2 protein chains.
Amino acid sequence: MSNKNIGIKDVAVAAGVSVTTVSHVLNDVSYARISPDTRDKVKSAAEQLGYGPNRLAQALRTQRTGMLGLVSEDIATTPHAGRIILGADEAARARGYNLMIINTSGSASAESREADVEALLERRVDGILYATMYHRDVQVPANLGNVPTVLVDAVSTGRSLTAVVPDEEGGARAAVASLLAAGHTRIGFLNNTDDVPATRDRLRGFRATLTEAGLDGETAPVESELSEVPGGYEAARRMLDRPDRPTGLFCYNDRMAMGAYRAAAELGLAIPDDLSVVGFDDQQLIAANLHPGLTTVALPHYEMGAWATDSLIDAIEGKTDLALMALHPTILDCPLVTRESVAAPAPPR
Amino acid sequence: MSNKNIGIKDVAVAAGVSVTTVSHVLNDVSYARISPDTRDKVKSAAEQLGYGPNRLAQALRTQRTGMLGLVSEDIATTPHAGRIILGADEAARARGYNLMIINTSGSASAESREADVEALLERRVDGILYATMYHRDVQVPANLGNVPTVLVDAVSTGRSLTAVVPDEEGGARAAVASLLAAGHTRIGFLNNTDDVPATRDRLRGFRATLTEAGLDGETAPVESELSEVPGGYEAARRMLDRPDRPTGLFCYNDRMAMGAYRAAAELGLAIPDDLSVVGFDDQQLIAANLHPGLTTVALPHYEMGAWATDSLIDAIEGKTDLALMALHPTILDCPLVTRESVAAPAPPR
DNA sequence: GTGAAAGCGCTAACAG
DNA sequence: CTGTTAGCGCTTTCAC
């Protein structure tokens, strides 16, 4: 119940001991020699009164708040932030920490970002997680790093900070490999036009996988558009109008794949019989609900949140040196999620 | 920069004054009589040193943390939580508060929920926001209410707590009205099978609006299924197979509407020419990306988060009495979002 | 106009 | 085995 008015002193009085003793038993202090009797008295007194420690006072004294700051971009726009938060929250709680969340707009000014970090610093968080909503290079606020910090889904331009990012290239390879495994040899890529790591890395994975399979990865067809549903539709229309129409389509993300579904429908192409499609992101709402279900590659947002949090706590507790890990970003797997949008290509007629 | 090592004392020394004076000027204490000279000295010293107050110490002394606890269900599953968090975060920051977030599973036990609240209480949050991911009655943890509390998207069974919920019936009315306005007279409802307020209230709004328009709301066709895409598909198939096929469809949510789109496509019915469709929820990923864009009703998650936070802070600051507001939940508007899925019914042939 | 000092609730030497 | 006591960094009463 944690009645806010009762403190360690009250417990001490109720148990007929000193506050030291109470503190010792409640915190299981190792070097404290306390009789089992006293222990019980203290514990039941605490229980009785509904005592809960005042973490502020504890923190002030121990210089440890047990709080982690999470500054996250555009919390509401994508489900990605939610998964990062969830991964971070669960990892944090498992080790007795809590999360303070600050939302920042993707377009926030440098000063406003610094103010966000400052707010966290004033509250004396033990460490900071700095998360972006899609994998990219960021210029982190200057005051970050006054405290242990790890970046989630981002790497920092300039300053080297521990970071965790998805294996974009590996994901692309898995996607293309699934098409190859189904027997496709004419495979196209619907890419994004933004100049972000995912665009480059997925393209590289696409070409390399084809080449390694003995196909001509360098000349394999690629159509680029804005990475939204209409862009996917446009790119797919162009792709499917090509003389040597691909039988397999790898899409930059699930939204573009959704556009490709419509393009295929308009052209009378059935998925997966006439056209196999693989997406990227595993956005539940889309991938699982499209008909047929979209085979896609999952981004490890939950895992990145959890990994970052665990590493951060390790650093806070002196079990790790973040400076060492900062040399190279940690790269997490993007697993293929198989649904029904991939099948063997139709036999040539 | 808030160098963690420098405190009010350092500023005092640097400015050649006492800590009292520093505190007075930095906090703009009204009754303090301090010469402009001293003020400047103190301010520039603080600036110089990069001083930032230790909020823990402040909180311990003032019994105010400036932190709000937000316990939220299933953060990662829907974008809804994100919008509530965003609304709450922005409202909180506007008034100088920050958010501590605890995620709880929709299926968590009573004890685990109590432990979540307890964690917030131990950190001495000034108030608690308790949010659920869809509008429903909840049995709140017993220790909630030891501190000002407001429920978001939920009302409490038994104990009366201030709450804010969406106007489900009003949203349904707006949806049906838009169909009526387009000229439809045969309108069907694809409802959810769960026994939650939304199911009941949207149905009521559906029937009432038809009746008030001179149609027979009581016998208007309703098909119920699980409120997911496949359910929507099934319900729509049944609905569209009826002898007197409706020309307008109101769907319990956007996912069911997505299923209805597929059913319509299979039956060769073009949207909106042969069939008009209205959804509910305004899930961006679906509603905006379906083709044609889905006219739907938006749930005011952002607004509920913001309203709840503002009310909570008002209560904390003594500007409001939550007990008074607890008598009836506050109901927020669900506005119609018009896209392209509604048109006049085809002329009878 | 400014400062000394008490105390918010807790932990951790240090004494006994 | 248990208790006394000095702070953690800040606000605030009261005195000068």
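Reckoned from all heavy atoms, side chains included, excluding hydrogens, waters and symmetry mates. Chain identifiers are assigned alphabetically (A, B, ...) following the order of the sequence lines, protein sequences preceding nucleic acid strands; residue numbering begins at 1 within each chain. Remember, it's a predicted structure, so these values are computed and weren't measured experimentally.
One can place CG of N27(B) at 13 Å from P of dT13(D), the figure rounded to the nearest angstrom. Spacing between atom CZ of R123(A) and atom P of dG9(D) amounts to 18 Å, rounded to whole angstrom units. The distance between atom CG of L26(B) and atom P of dC10(D), rounded to the nearest whole Å, is 10 Å. As a whole-Å value, the separation of D28(B) CG from dT11(D) P is 12 Å. R61(A) places its CZ atom 18 Å from the P atom of dG7(C), with the value rounded to the nearest Å. The CG atom of L60(B) sits 13 Å away from the C1' atom of dA6(C) (whole-angstrom rounding). Distance CG (D40(A)) to P (dC1(D)): 14 Å, rounded to an integer number of Å. Regarding K41(B), its NZ atom lies at a distance of 11 Å from the C1' atom of dG1(C), rounded to whole Å.
Here N54(B) does not reach the OP1 or OP2 of dC8(D): none of its side-chain N or O atoms lies under 4.0 Å away. S23(A) has a side-chain polar atom (N or O) that falls below the 4.0 Å cut-off from OP1 or OP2 of dT11(C). Contact check, Q63(B) against dG9(C): a side-chain N or O comes under 4.0 Å of OP1 or OP2. A sub-4.0 Å separation between OP1 or OP2 of dT2(C) and a side-chain N or O of T38(B) is present.
At a threshold of 4.0 Å, the pair R95(A)-D314(A) counts as salt-bridged, since one of the basic side-chain nitrogens sits closer than that to a carboxylate oxygen. Under a 4.0 Å N-O distance rule, the pair D89(A)/R93(A) qualifies as a salt bridge. With respect to the salt-bridge test (charged N to carboxylate O, under 4.0 angstrom), the residues E73(B) and R113(B) qualify.
Atom CD of E317(B) is surrounded by more than 12 heavy atoms from other residues, nucleotides or ligands within 6.0 Å. Atom OH of Y97(A) is surrounded by more than 12 heavy atoms from other residues, nucleotides or ligands within 6.0 Å.
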For nucleotides 14-16 of chain D, print each protein N/O atom paired with a nucleotide N/O atom at under 3.5 Å, atom names and distance only.
none

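Y31(A) and H24(A) have perpendicular rings, their planes meeting at more than 60° on a 0 to 90° scale where under 30° would count as parallel.
Residues T21(B) and S18(B) have side chains that bring a donor and an acceptor to within less than 3.5 angstrom of each other.
Judged by distance alone, with hydrogens and angles left aside, the side-chain atoms of D74(A) form a donor-acceptor pair with the main-chain N or O of G106(A) at under 3.5 Å.
With contacts defined as side-chain heavy-atom distances shorter than 4.5 Å, the pair E114(B)/S109(B) does not qualify.
Using a 4.0 Å cutoff on non-hydrogen atoms, the parts of residues 8-21 of chain A near DNA chain C are I8(A), T20(A), ordered by number.
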